[in-house]
Amino acid sequence: MDFEFAGVAEGIAREAGALLKEFYERGVEMEYKGDVDLVTEADKASEALIGRLLKEAFPSHGVYGEEGTRRALDSEYRWYVDPLDGTTNFAHGFPAFCVLLGLERREAGLAAGEDGEMVAGVTYDPLRNEMFVAERGRGAWLNGKRISVSKIRTLQESLTATGFPSQKRHENPNAHFYQEITLRSHGVRRAGSAGLDLAYVACGRLDGYWEFKLNPWDTSAGYLLVEEAGGTVTHFDGGKFTLDSREVLATNGLILPEMEHVFAEMFSGRGMGPLPTPAEFAERRKAAAR
Ligand code: IPD
Ligand code: CA
Ligand code: CA
């Protein structure tokens with residue numbers, strides 16, 4: 001009866017999305033959670049609403065939300081909640097954000113760090129009124145129509161996406177990967193919502209997506225969407241993805257071997273040299289102007 005969960009989650013995501021839209025249209029104050037990690041009153045209000053609605057619908061279920069909700073984590077069912085994915089976009093008025101709800105079924109006896117099985121996932125983009133829904137074994141859907149991953153066969157013909165964490169970007173090697181895949185493909189988008197990136201792989205708007213250091217609330221819904229749409233979600237070397245993985249690579253399956261190959265080359269050191277310094281850039285500009 002897991003499929004009933006997705007229907008209820010859809011309603012909850014729609015309500016949270018409507019709330020976000022109101023905040024977005026009126027404008028919100030930005031606050032900082034850390035040095036550069038933004039949070040707004042909308043993130044908190046959305047999580048409070050989702051937490052309340054989940055409790056009404058499924059009183060025994062666990063909830064694990066980005067803004068701090070932790071409830072009944074030893075239950076059979078656990079909801080991962082990202083009440084606003086794309087906060088930086090939202091706070092700047094850039095129209096790319098969504099609500100994410102992923103439901104995991106955890107058999108009795110699983111250790112804290114072990115994954116159960118994702119059974120439902122919902123990604124809702126309130127500005128475009130796009131509702132992506134996945135149910136384990138029953139496919140992936142966008143506004144009621146079945147979706148599937150793209151049929152693009154080569155990296156060269158592909159459009160992919162990535163993202164950068166807001167914290168400690170200088171420690172993150174992703175700029176190198178961004179450069180490398182950009183040069184080898186139709187391009188890499190960086191729209192600022194991991195949830196939408198994964199949903200777009202599921203419906204074929206993107207052929208691949210990767211990112212370092214995401215959290216379960218970012219990936220749980222999209223993970224199921226991509227798998228149910230016929231794609232793959234793995235580590236960069238094709239290894240098994242789990243909700244607390246520190247890397248995620250989602251593809252249409254067809255470009256996975258090439259992406260794995262590029263990542264392996266990068267990790268072996270090729271292309272990972274330091275980026276040019278500002279002085280070297282200045283030198284290059286002068287040389288180009290001559
Ligand atoms: C962020 C977005 C962004 C990704 C960051 C996430 P948030 O989530 O998904 O695209 O690059 O790593 O943290 O903070 O806006 O919910
Ligand atoms: Ca997020
Ligand atoms: Ca968030």
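Both ligands and their constituent atoms are indexed starting at 1 by order of listing. Positions are given from 1, in the same order as the sequence printed here.
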Exercise. Which atoms of ligand 1 are found less than 4.0 Å from any heavy atom of Thr87?
Worked result: 15 (O)
For this session: Establish, yes or no, whether the cationic atom of Arg246 lies under 6.0 Å from the six-membered ring centre of Phe212 and within 45° of the ring axis.
Result: no
Problem set entry | Ligand-residue contact atoms, ligand 1 with Gly192, heavy atoms, under 4.0 Å | 2 (C), 3 (C), 10 (O)
Exercise. In Asp218, which N, O or S atom comes closest to the Ca ion (ligand 2)?
Worked result: OD1
Problem set entry | salt_bridge(Lys286, Glu283) N-O dist < 4.0 Å | yes
Problem set entry | Numbered atoms of ligand 1 (with element) below 4.0 Å of Glu211, judged on heavy atoms | 4 (C), 5 (C), 11 (O), 12 (O)
Exercise. Between Asn89 and ligand 1, which residue portion shows a heavy-atom distance shorter than 4.0 Å: side chain, backbone, both, or neither?
Worked result: neither
Exercise. Can you list the ligand 1 atoms lying under 4.0 Å from a non-hydrogen atom of Gly86?
Worked result: 7 (P), 15 (O), 16 (O)
Seminar exercise, completed: Taking only non-hydrogen atoms of Asp82 and a 4.0 Å limit, the atoms of ligand 1 in range are 16 (O)
Problem set entry | Within-shell test, Leu84 vs ligand 1, heavy atom, strictly < 4.0 Å | yes
Problem set entry | Heavy-atom pair with the smallest gap, counting every atom of Ser150 and Asn252 | OG-ND2, 3.0 Å
Problem set entry | Per-atom contacts of ligand 1 with Gly163, taking only distances under 4.0 Å to non-hydrogen atoms | 11 (O)
Seminar exercise, completed: Heavy-atom nearest pair, Ala6 first then Val133, reads CB-CG1, 3.8 Å
Exercise. With a 4.0 Å cut-off, would you call Glu135 and Arg105 a salt bridge?
Worked result: no
Exercise. Just wondering, is there an N, O or S atom on Leu100 that's nearer than 3.0 Å to the Ca ion (ligand 3)?
Worked result: no
Exercise. What do we get for Phe164 next to ligand 1 when only non-hydrogen atoms under 4.0 Å count, side chain, backbone, both or neither?
Worked result: backbone
Exercise. Would one find an N or O of Leu214, backbone or side chain, under 3.5 Å from an N or O of ligand 1?
Worked result: no
For this session: Please say whether Asp197 places an N or O atom under 3.5 Å from an N or O atom belonging to ligand 1.
Result: no
Exercise. Nearest to the Ca ion (ligand 2), which N, O or S atom of Asp85 do we find?
Worked result: OD1
For this session: Say whether Val201 and Leu155 are linked into one hydrophobic cluster, either directly or through other cluster members, by side-chain heavy-atom distances under 4.5 angstrom.
Result: no
Exercise. Hey, which atoms in ligand 1 end up nearer than 4.0 Å to a heavy atom of Asp85?
Worked result: 1 (C), 2 (C), 7 (P), 8 (O), 9 (O), 15 (O), 16 (O)
For this session: Compute the shortest N/O to N/O distance between Thr88 and ligand 1 and return yes if it is under 3.5 Å, no if not.
Result: no
Exercise. Counting only heavy atoms, which portion of Ala194 has something under 4.0 Å from ligand 1: side chain, backbone, both, or neither?
Worked result: both
Seminar exercise, completed: Phe236 and Leu249 have their tightest heavy-atom pair at CD2-CB, 3.9 Å
Exercise. How wide is the angle at the Ca ion (ligand 3) between OE1 of Glu66 and OD1 of Asp82, to the nearest 10°?
Worked result: 90°
Exercise. Taking the side chain from Ser193 and the backbone from Gly86, do they hold a donor-acceptor pair closer than 3.5 Å?
Worked result: no
For this session: Over all heavy atoms of both residues, which pair between Glu258 and Arg153 is shortest? Give the atoms and the distance, please.
Result: OE1-O, 4.2 Å
Exercise. Going by the order shown, which atoms of ligand 1 are within less than 4.0 Å of some heavy atom of Ser193?
Worked result: 9 (O), 10 (O)
Exercise. Going hydrophobic residue to hydrophobic residue with side-chain gaps under 4.5 angstrom, can you get from Leu206 over to Val233?
Worked result: yes
Exercise. Does Asp125 use its side chain to pair, donor to acceptor, with the backbone of Cys98 at less than 3.5 Å?
Worked result: no
Exercise. Is it the case that Arg26 places NZ or CZ above or below the six-membered ring of Phe23, under 6.0 angstrom from the centre and within 45 degrees of the axis?
Worked result: yes
Problem set entry | Phe177-Phe267 aromatic ring centre distance below 6.0 Å | yes
Problem set entry | Proximity to ligand 1 by part of Lys213, non-hydrogen separation under 4.0 Å | neither
Seminar exercise, completed: Short version for Asp218: what comes under 4.0 Å of ligand 1, heavy atoms counted, is side chain
